[in-house]
Every structure is written in structure tokens, then in C-alpha cells.
Novice: 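Below is one structure. I have some questions about it.
Given the structure is predicted, the values throughout are model-derived calculations rather than measurements. Atoms considered below: every heavy atom in the structure, side chains included; atoms not considered: hydrogens, waters and symmetry mates. Below, chains carry the letters A, B, ... as their sequence lines are ordered, and counting in each starts from 1.
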Protein chains: 2
Amino acid sequence: MDSYIVPVELKKAHRLINHGPTVLVSARHDGVDNVMAAAWACALDFSPPKLTVVLDKTAKTRELVEKSGTFVIQVPTAAQLQLTHEVGTSSLADEPGKLARAGVELFGIEGHDLPFVAGCSAWLACTLIPEPHNQQTYDLFIGEVVGAWSDTRVFASGHWNFESADPAWRSLHYVAGGHFYAIGNPLTVRGSEPVE
Amino acid sequence: MDSYIVPVELKKAHRLINHGPTVLVSARHDGVDNVMAAAWACALDFSPPKLTVVLDKTAKTRELVEKSGTFVIQVPTAAQLQLTHEVGTSSLADEPGKLARAGVELFGIEGHDLPFVAGCSAWLACTLIPEPHNQQTYDLFIGEVVGAWSDTRVFASGHWNFESADPAWRSLHYVAGGHFYAIGNPLTVRGSEPVE
């Protein structure tokens, strides 16, 4: 694991996705790893931290999540624009070499039998909270965040530093058809104190 | 209603929140209007369009949503940074003059008995899809989008134009404690076609 990658306190894990980035969802079951892009992921609770993610019934990653009961939500960077689009528009079911073609490199984190995508800015290891009605009716999955990590070159001591990091670290925010926005400049409310 | 405000096709309504902005939630019941900020709102489906939003049990707006079965999700702008923070950190239950103090101006749209917040960039009128288990266990509310509008100065013909509009129109992406990011620059995947 890269020495820049450090754990994030679980009580601050929601900050990794609070600003609404498009994420990568990865999962592993029975020797099969897969990664997909998801624009529809969202924080759900602070403590214990939870999140929601929408996984279409056609997605191979969904099957791996359902079978293993675990998954990773990670925040890709502007440098991973092409990778993010590619894993979001091809399926492992149709193309066994999908991850290699998209340039996805996976790494491990001790204590978690999960595929983490290298080069992202943040990672949230999740345990599925089974909610069959939501999953079947809405394709809506709820996870409890059981581990969180960030790359300290862009998120350190509980804070994003997009403004001082290289622009290649900015998060991606998907609109439609290959068109994204990067996250922009900081805006601070008058009279705000620095947050811990 | 301002002449810049025009309907958005329902099949493109998800684009209004796809990039993960912090939103304002407004609702009306029995002569009471309220507005709150929510960082945890997310698209859920394309057609019919649906979305999720997390509404804490302490929020007066939640009570209005539960009683009326309808609400508005709207996208505030960088110009509304202070307003967004103020409606997100005070409660109508404690302060009856909350909306006036925060500078919230409401307007109506024909056919919808709902309070729309003036000055936003986009509005989604929603009908609550009652899911008592989600609401009680997770504070998670699901809405079907039954009407959508945008201000054409920043979203027109199905597309955000953050890059050409005044920066005051940029969407807000909340992190923590008065600290937000504005949405940034467009990034387009190699070989992408323009989307309709």
C-alpha cells in the first residue's frame, strides 16, 4: 500500500463523499473482482457511518456485492477521468478483460478481503446492510462504512485540500454522456470557525 | 415567476442533481412553509425520475413532508452560500422568523401547491413515495419527480453551463462546518459525442 494512504477516522468518513463526487464501486466474490462507476452514491449517516449507492440489475458488480455482502466505494480523480468513464460504460459480463483495458490496478488493505482501486483519493470499505425491498424495487443498496482511508496528498487530517493539491486530484462529478465537472474552489460561510 | 425559469423534460431531470450538489428542501403543510439545506440528496432513477434525500427527525421540514406528501428539491447557487448555511443550521421550531432572517424569498409555480425558493438554479417538485421503514430506520425519503425547472442562465436545453455563466451561479458542495466547494471546470472524456 502506498505510503501516502492513511486511515480516516470513521466519524469523519462522510466527508470523503459529502461533496457529491461520482464514485467507483468495487467488489470481490469467489475469485472475481469488478469495478464500476456510480454517480448515484450518497452519505446516509454519521455514526456508524452509512451510505447509499444505486446498482443497476445489469451490473456484474451488483451480483458480487449481493453474494459477498461487502464492497468498496472510492473517489476517483480527474487523472482517472478516462478510467472512470470506461468502467462505467462496459460490463465484465460482456468483456472479461474490462479492468485491464480500462487501466484499473487493484491493491489490498490488510484486514479487508476487498479490491481497492489504486490512484483514487479516498476509499470506504463497506458491509452491506441487507434491505431486499430497496434492492429489488429501487436498485438501492445501503452499506455501513467499516474502514476509511485517504491519500494525504489531497485529503489529510479530516480535510480535502483540492485548492492546494495538483488539479489532477480533483474529484469528478458526472452529468451525462462523457461529460463531467471537476470540483472547484472553496467557499466559506462568513464567520465560520475552522473545523477539526 | 421569473421569465428565465423554464420547464426541464422529466427524462433529463436527473441531470439537475447528478453532479452531487448540496440542495435546499422545501415543503408546505397547513399554511406553514419551511426550507432546509441537505447535503445528502441523490438521484435514484431516470424514468420516472426519482430521488432520495435524508431528513433528520429533528427537522421541521421533515414533518411538513410527512404530512403533505410533497416537497421541492432545489439547487442553490454560490450567491446563496450564506442563505444555504443559515437554513441548514437553524430550525423553524426554535425560530419562527428563520426564513425571513436567512433572506429566503418563495415563489409559486402553477399547478403545484409548494414553496419554491427564488434565486436557485433548478427545482424538482416531488411526490413522496411512502416507505415507512426507510424513513424511520434511516431518515431516508424517496420522492418521485413530477415537475422540473431550471434557470436558463445556467441550465438550458438539458445542459449545465457553469463554465460560461457567472461564477455566482455555480452549485455548492458541502464538506463540513461552513466549508463548501463550488463546482469547477468541465472535463470531457476523449471521443465523447455531444449529448442531446
Novice: Please determine, among Asp56(B), Leu140(B), Ile183(B), the option with the most heavy-atom pairs under 4.5 Å with chain A.
Specialist: Ile183(B)
Novice: For the residue pair Trp40(B) and Phe46(A), categorise the inter-ring angle as parallel (less than 30°), tilted (30 to 60°) or perpendicular (more than 60°).
Specialist: tilted
Novice: What is the distance from atom CG of Asn134(B) to atom OH of Tyr138(A), rounded to the nearest 0.5 Å?
Specialist: 7.5 Å
Novice: Measure distances from Asp139(B) to the heavy atoms of chain A and classify the residue's part below 4.5 Å as side chain, backbone, both or neither.
Specialist: neither
Novice: Look at atom CD of Glu105(B) and say whether more than 12 heavy atoms of other residues, nucleotides or ligands are closer to it than 6.0 Å.
Specialist: no
Novice: Give, for atom NE2 of His19(B) and atom NE2 of His179(A), the distance between the pair rounded to the nearest 0.5 Å.
Specialist: 15.5 Å
Novice: Taking atom CZ of Phe180(A) and atom CG of Asn18(B), what is their separation to the nearest 0.5 Å?
Specialist: 9.5 Å
Novice: Would you mind checking which part of Val175(B) comes under 4.5 Å of any heavy atom in chain A, side chain (CB onward), backbone (N, CA, C, O), both or neither?
Specialist: both
Novice: Which value, rounded to the nearest 0.5 Å, describes the distance between Thr188(B) atom OG1 and Gln82(A) atom CD?
Specialist: 10.5 Å
Novice: Pick from Pro186(A), Gly177(A), Ser192(A), Gly191(A): which one has the most heavy-atom pairs with chain B under 4.5 Å?
Specialist: Pro186(A)
Novice: To the nearest 0.5 Å, how far apart are NE2 in His173(A) and OH in Tyr181(B)?
Specialist: 10.5 Å
Novice: Using non-hydrogen atoms and a 4.5 Å limit, figure out which bit of Leu172(B) sits close to chain A: side chain, backbone, both or neither.
Specialist: side chain
Novice: For chain A, find which of Pro167(B), Ala78(B), Ala176(B) contributes the most heavy-atom pairs closer than 4.5 angstrom.
Specialist: Ala176(B)
Novice: Mind checking the OG1-NZ spacing from Thr137(A) to Lys50(B)? Nearest 0.5 Å is all I need.
Specialist: 9.5 Å
Novice: Which one of Asn185(B), Val195(B), Thr22(B), Thr52(B) has the most heavy-atom pairs closer than 4.5 Å to chain A?
Specialist: Asn185(B)
Novice: Kindly work out whether a path of hydrophobic side-chain contacts (I/L/V/M/F/W/Y, heavy atoms less than 4.5 Å apart) joins Val65(B) to Val32(B).
Specialist: no
Novice: Count I, L, V, M, F, W, Y as connected when their side-chain heavy atoms are under 4.5 Å apart, and connections chain through other members. Are Ile73(A) and Tyr174(A) then in the same cluster?
Specialist: no
Novice: Check whether His133(B) gets within reach of chain A through its side chain, its backbone, both or neither, counting any heavy atom under 4.5 Å.
Specialist: side chain
Novice: Would a hydrophobic clustering, with Ile, Leu, Val, Met, Phe, Trp and Tyr connected at side-chain separations under 4.5 Å, put Phe71(A) with Met36(A)?
Specialist: yes
Novice: Check the hydrophobic clustering (I, L, V, M, F, W, Y; side-chain heavy atoms under 4.5 Å; chains of links allowed) and say if Leu114(A) and Val75(A) are grouped together.
Specialist: no
Novice: Need one label for Ile142(B): side chain, backbone, both or neither, based on atoms under 4.5 Å from any heavy atom in chain A.
Specialist: side chain
Novice: Considering only heavy atoms and a distance below 4.5 Å, find which of Ala39(A), Ala43(A), Cys42(A), Gly20(A) pairs most often with chain B.
Specialist: Ala43(A)
Novice: Between Arg190(B), His159(B), Glu193(B), Arg15(B), which has the largest tally of heavy atom pairs under 4.5 Å with chain A?
Specialist: Arg190(B)
Novice: Given the rule that I, L, V, M, F, W and Y join up when any side-chain heavy atoms are under 4.5 Å apart, are Phe141(B) and Leu51(B) in one cluster?
Specialist: yes
Novice: For the candidates Asp45(A), Leu81(A), Leu44(A), which exhibits the highest count of non-hydrogen atom pairs separated by less than 4.5 Å from chain B?
Specialist: Leu44(A)
Novice: Select one option (side chain, backbone, both, neither) describing which atoms of Pro194(B) are under 4.5 Å from chain A's heavy atoms.
Specialist: backbone
Novice: Could you tell me which portion of Leu16(B) (side chain, backbone, both or neither) has an atom closer than 4.5 angstrom to a non-hydrogen atom of chain A?
Specialist: neither
Novice: How far apart are the C-alpha atoms of Val189(B) and Thr89(A), what are their side-chain angles, what is the distance that settles it, and do they pass the side chain to side chain contact (heavy atoms under 4.5 Å, CB included) test?
Specialist: CA-CA 12 Å; Val189(B) 170; Thr89(A) 51; over 6 Å; no
Novice: Count the heavy-atom pairs under 4.5 Å between each of Glu163(A), Lys12(A), Glu196(A) and chain B, then report the option with the highest count.
Specialist: Glu163(A)
